[in-house]
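Structure record follows, encoded as structure tokens.
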Amino acid sequence: MTTMTETSARFREFKMPDVGEGLTEAEILKWYVQPGDTVTDGQVVCEVETAKAAVELPIPFDGVVHELRFPEGTTVDVGQVIIAIDVAPGSGDAPAPAADPVQEPVEEPAAEAEPKGRTPVLVGYGVAESSTKRRPRKGASAAPEAAAVAAAVHAELNGHAAAAPAAAPAPSVPAQGGAAGGRPLAKPPVRKLAKDLGIDLATVVPTGKDGVITREDVHAAAAPAASEAPAQAAPAPVSAEAPVATEPTAVPDFARETRVPVKGVRKAIAQAMVGSAFTAPHVTEFVTVDVTRTMKLVAELKEDKDMAGVRVNPLLVIAKALLVAIKRNPEVNAAWDEANQEIVRKHYVNLGIAAATPRGLIVPNIKDAHDKTLPQLAEALGELVTTARDGKTSPAAMAGGTVTITNVGVFGVDTGTPILNPGESAILAVGAIKLQPWVHKGKVKPRQVTTLALSFDHRLVDGELGSKVLADVAAILEQPKRLITWA
């Protein structure tokens, strides 16, 4: 089975794929093709954002784009047709596309309908059960106006004069420029920035390596447009039924507040945190520890030839310390099964690392982290962080975590009371490492000190177990040689 339907021997329709992980919809962020463009099997035609991540969708056949069913910024249910392809161009007269591309697509005949059950998900994400249900979708006729207004407000908020709202494009999605034979090269966060600022990437001069467009290139392209715009461009009206933009909606200059729609990754985070906070009884314990010896170890590892080419920092040693503490106290690595009223103990550790990204906080995890050597763990941490910053983290990379680390110290914060990642039993918060007066060998000396906080689910982790885990992590960071004696 595929995510396409065959309306005739000539025309095929491509549906929004099942993105898995319980997700039933996705927002179309960017179209890379327009009606009349030639596409080939495997070519990326659009970028969509789910509650988990932004993903590029490839088309599974050759042909010419006949119709785009939805404009950018529209949230589409899984199973809805998003693009129609003429797979035999020139063989006869083509039926006219729908007068309004944002209207609900006509239902497929019963014989053509896809059977219930398993449907393909996005490339590389495996297969998930399809249980989606069609819901009434809000009209999208004012999407172009809303996008133009959002871009103007975004420019104002970033210190630029508002650009004059562009004329509303035809309903069939505006043309997208690009290099000969392809589309402009840019990472997803940069594409989103260009969309927010109303910049066509095809008009941006790239300065990055291999012709990749950078954030600076987009800002440079936005500056001339802002300087040429009228000083007091009137905001275009926004329909109450239009899909909301990801940036603040238009407000008068005298407004005292701005409303930001909650959607995508931010919406998923909010729902997950509320569910976790009001489902699992949280307990948080704290300990302040002298990590001077750990910092010396980090400095030595950076010079070690066995660690060449990998990222070495305090988080690496902290992660290894937590893995050793879990090995010594395996009961903490568990989950609560509400349906069966059981505690599920995990004999593996998928170590989650909370990462702040342009799309919000995500928690990808290192699969089977307990089996990795220190160099392997360092390599996995580096790949995880790089992928997250590039906006390429897949839903599969965020599934199946067992225990998480959140490093709030990078923001200069001493510590916090972290909320559990749903389905996990514990989360360790690491505070900033600072030079502080500390009693060492009977004398007050300046030492490198940090504060750790461990939150755990009190249904399956009692105070004694939680205290042992936190104490073990602290003991290892104070005396890193325990990584060898306790391993």
Would you say the side-chain atoms of [X] pair up with the backbone N or O of [Y], donor to acceptor, closer than 3.5 Å?
| X | Y | value |
| --- | --- | --- |
| Thr214 | Gly208 | no |
| Asn313 | Leu316 | yes |
| Gln80 | Met16 | no |
| His282 | Leu420 | yes |
| Asp37 | Gln34 | yes |
| His370 | Val349 | yes |

For residues 396-409, tabulate all N or O donor-acceptor pairs below 3.5 Å that involve a side-chain atom, not counting sequence neighbours.
| from | atom 1 | to | atom 2 | distance (Å) |
| --- | --- | --- | --- | --- |
| Thr402 | OG1 | Asn333 | OD1 | 3.1 |
| Thr402 | OG1 | Asn350 | N | 3.1 |
| Thr402 | OG1 | Asn350 | O | 3.4 |
| Thr404 | OG1 | Glu424 | OE1 | 2.7 |
| Thr404 | OG1 | Glu424 | OE2 | 3.4 |
| Asn407 | OD1 | Gly409 | N | 3.3 |

Between [atom1] of [X] and [atom2] of [Y], what distance do you get to the nearest 0.5 Å?
| X | Y | atom1 | atom2 | result |
| --- | --- | --- | --- | --- |
| Leu454 | Thr417 | CG | OG1 | 12.0 Å |
| Leu197 | Arg215 | CG | CZ | 9.0 Å |
| Thr207 | Glu216 | OG1 | CD | 7.0 Å |
| Glu56 | Lys392 | CD | NZ | 4.5 Å |
| Arg311 | Leu381 | CZ | CG | 9.0 Å |
| Ile427 | Ile419 | CD1 | CD1 | 9.0 Å |

Under a 4.5 Å cut-off applied to non-hydrogen side-chain atoms, are [X] and [Y] in contact?
| X | Y | result |
| --- | --- | --- |
| Val65 | Ile59 | no |
| Ile213 | Pro206 | yes |
| Ile82 | Leu57 | yes |
| Leu193 | His219 | yes |
| Leu29 | Arg191 | no |
| Leu68 | Pro35 | yes |
| Asn365 | Leu351 | no |
| Lys346 | Val344 | yes |

- Message: Any salt bridge linking Arg259 with Glu257? Criterion: basic side-chain nitrogen under 4.0 Å from a carboxylate oxygen.
- Response: yes
Is Glu49 salt-bridged to Lys195, going by a charged N under 4.0 Å from an acidic O?
no
* To do: Might you work through the side-chain contact (heavy atoms from CB on, under 4.5 Å) test for Asp86 and Phe11, ending with a clear yes or no?
  => CA-CA 5 Å; Asp86 182 352; Phe11 294 95; 3.6 Å; yes
Shortest non-hydrogen pair, Val312 vs Met307, comes out as CG2-CE, 3.8 Å
